[in-house]
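Worksheet: one structure, shown below.
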Amino acid sequence: MKKTKKFFALTFCALLAQNLFAADITITEDQKPAPSEEAGFALKLQAALNSGSIENALSLFDSAAAPIQKNLDMQKLRASLLISAKKNADAQKLIQELEQKNSGDIEIKELKMLLAKSSGNAAAKSAAIKELLALEPNNPAANVELGAEKVLRKKYKEARTYYMTALKGDQNNQDALFGYGQTSYYLNKIDDAKKAFNKILSLDPNSSVAYSYLGKLYAEDENYKLAEESVAKAIQLDPGAYDYYMDFGTYSRMRGKFQQAEKAWSTAIKLDPNYFLAYAYRAGLYDEQNMYAKALDDYRMVIKTNPKYYFAYESLGILAWHEGNFAEARASFEKAYSYYPQNISYPLIIAACMYKDKKAFEVKPFLQKAMKNYGDHESLEYLMLRLYHDLGPGNAENLITQKISKEDNSTKKGKMGFYMALYDEIKGRDELAKKQYNEIASLQSPMFFEYRLAEWKVR
């Protein structure tokens, strides 16, 4: 997915702020400010953070009373804010000063790890993690980070072990619970994943990502009603999340609620019109409802927003063929062919597009190149390419017809049967072509795109 994948991660900044705003600050007697001063600073800081302005929050420290500026918890918070603001040099200077006075402080070590990660310094991050684990083997922050590294490498089993270790250090750590739930989902441990996400909700009833993943878990059980209800709650909590609308549309479609699915994917497109996935999903929905013009428009947008999305070219080619736009169909199949030159369908359908588009003179040079990929000149694939190249003779047609009738592979037999029917159509033998199209359209569970083209011919 994009995707805007939403990882539930409470930052060090938020954790410290949570403590500070609860007035749980530990300071020495000579540092102790007046209660009103402490409370006033905390409220201003909270207001700045709630408004999303890290810069404003940082500026408050410049004018804060000396006792607050010297308070260890406040300085940790200031360091975390500097990291969030990408002021890494200032953060490093402050963290070094704090560490010199408090060498065994776990939270300062965690800040070192966060700073190294923010700076992209893998060696420094690894060293900070080692320091943390030496002091506290079950440290949640370090183990969660190690788990996240494994997730990026798709080593979900190892990642899950790190998240379990983090939960030994803090059974309510929501980062660890999320990681454990997510990797359990990837490893198909559905019950464990449900427990993890439900626990997150018990700790934070407003966790949209927990509802989102519960939706995925219900969908795994094909309970699309509960899946839809869960992701609807996620959308209520975070109406700007692209992924949630993608999932909501999927569950709605599975329940046959096509208009609702269309609306969900259309909303996702409005949220990010430059990302291809919602266009692809909506195109498939339109295609399924025979709304071919709309499907074509969406597949064109898929290609525009993601030119490397191979499957869209084939789908666009099929629909353009249906609409009689053989130039666009040809261009689309040519692009698909460039990604998958081993697929015999593409050079054959491209040649057919050339014939249909009155560009027969381009067929021979094109197929001469295509035939070089087939060393076995007795193979059905080569013979079909040669037939389209030569448009005959009759004995070649008979040989191919015989080979098709003896073919055991149902997919190959159906596909080659289609191209024989299409060949007859190109030659003007419409009745013979129609008979063969009917045979193709009567196949059960076909696994080739030409089946749709045959179906359209016999409707």
Side-chain angles (χ1 to χ4, degrees), residues 1-12 14-15 18 110 113-114 117 129 132-133 136-251 254 277:
M1 285 187 109
K2 187 179 185 176
K3 253 184 81 240
T4 47
K5 270 199 182 195
K6 288 206 145 218
F7 290 98
F8 189 92
L10 285 178
T11 63
F12 186 87
L15 286 170
Q18 199 173 56
E110 291 174 348
M113 181 187 73
L114 288 175
K117 181 179 180 180
I129 288 174
L132 271 170
L133 295 179
E136 189 177 79
N138 295 337
N139 179 267
N143 281 287
V144 164
E145 185 58 35
L146 291 171
E149 289 178 356
K150 295 296 182 182
V151 167
L152 288 175
R153 297 184 179 94
K154 297 184 179 181
K155 295 183 177 181
Y156 303 126
K157 189 174 181 180
E158 294 177 48
R160 188 169 181 264
T161 300
Y162 280 119
Y163 292 128
M164 291 170 68
T165 303
L167 289 170
K168 290 179 183 177
D170 179 2
Q171 62 181 350
N172 293 328
N173 185 284
Q174 293 184 49
D175 289 347
L177 284 167
F178 174 79
Y180 177 72
Q182 183 189 50
T183 51
S184 295
Y185 165 61
Y186 290 158
L187 295 168
N188 203 33
K189 297 181 182 294
I190 303 302
D191 288 341
D192 290 343
K194 283 182 180 178
K195 289 176 183 177
F197 291 116
N198 277 314
K199 184 164 185 179
I200 290 175
L201 288 175
S202 73
L203 298 167
D204 179 11
N206 293 321
S207 173
S208 64
V209 74
Y211 280 117
S212 168
Y213 266 87
L214 283 173
K216 296 178 190 296
L217 296 169
Y218 286 127
E220 287 290 317
D221 293 333
E222 298 185 4
N223 190 336
Y224 296 109
K225 182 177 184 295
L226 286 181
E228 187 183 278
E229 290 174 359
S230 294
V231 79
K233 291 178 182 176
I235 288 171
Q236 287 177 357
L237 293 165
D238 187 359
Y242 185 100
D243 286 358
Y244 298 169
Y245 291 99
M246 295 302 299
D247 288 346
F248 188 73
T250 298
Y251 308 149
M254 296 303 295
L277 198 60

Verdict with supporting geometry, Y224 and E222, side chain to side chain contact (heavy atoms under 4.5 Å, CB included): CA-CA 5 Å; Y224 296 109; E222 298 185 4; 3.9 Å; yes
Trace of the side chain to side chain contact (heavy atoms under 4.5 Å, CB included) decision for Y163 with V144: CA-CA 6 Å; Y163 292 128; V144 164; 4.2 Å; yes
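You'll find the side chain of Y244 reaches within 4.5 Å of the side chain of V209, heavy atoms only. Using a 4.5 Å cut-off on side-chain heavy atoms (C-beta onward), L177 and L203 make contact.
For the residue pair A159 and K150, the shortest heavy atom distance occurs at CB-CB, 3.6 Å. In terms of heavy-atom proximity, A193 sits nearest to G181 at CB-O, 3.4 Å. Of all heavy-atom pairs spanning K168 and N138, the tightest one is CB-ND2, 3.8 Å. In plain terms, the two heavy atoms of Y251 and A219 that are nearest each other are CE2-CB, 3.5 Å. For D170 against P140, the heavy-atom pair with the smallest separation is CB-CG, 3.8 Å. Between S208 and A234, the shortest heavy-atom distance links the atoms O-CB, 3.3 Å.
For the ring pair (Phe, Tyr, Trp, His ring centres under 6.0 Å) test, residues two or more places apart in sequence or in another chain that qualify with Y156 are Y186. Scanning for ring pair (Phe, Tyr, Trp, His ring centres under 6.0 Å) contacts around Y185 gives Y213, with sequence neighbours left out.
Here CG of D204 is found 12.0 Å from CG of N172. Values are rounded to the nearest 0.5 Å. To the nearest 0.5 Å, the span separating CG on N188 from CG on L217 amounts to 10.0 Å. Rounding to the nearest 0.5 Å places CG of L226 at 9.5 Å from CG of D221. One distance of note links CD of E145 with NZ of K117; it measures 3.5 Å at 0.5 Å rounding. Summarising the geometry, atom CD1 belonging to I235 is positioned 9.5 Å from atom CD belonging to E228; distances are rounded to the nearest 0.5 Å. To the nearest 0.5 Å, the span separating CZ on F248 from CG on D243 amounts to 15.0 Å.
Evaluated for a side chain to side chain contact (heavy atoms under 4.5 Å, CB included) with T165, the options N143, N139, L133 yield exactly one hit, N143. Among the candidates K189, K194, R160, the single residue satisfying the side-chain hydrogen bond (donor to acceptor under 3.5 Å, both in side chains) test with S184 is R160.
In summary, E229 and K225 engage in a salt bridge, as defined by a charged side-chain N under 4.0 Å from a carboxylate O.
For K199, the NZ atom counts as densely surrounded, since its 6.0 Å shell holds more than 12 non-hydrogen atoms of other residues, nucleotides or ligands.
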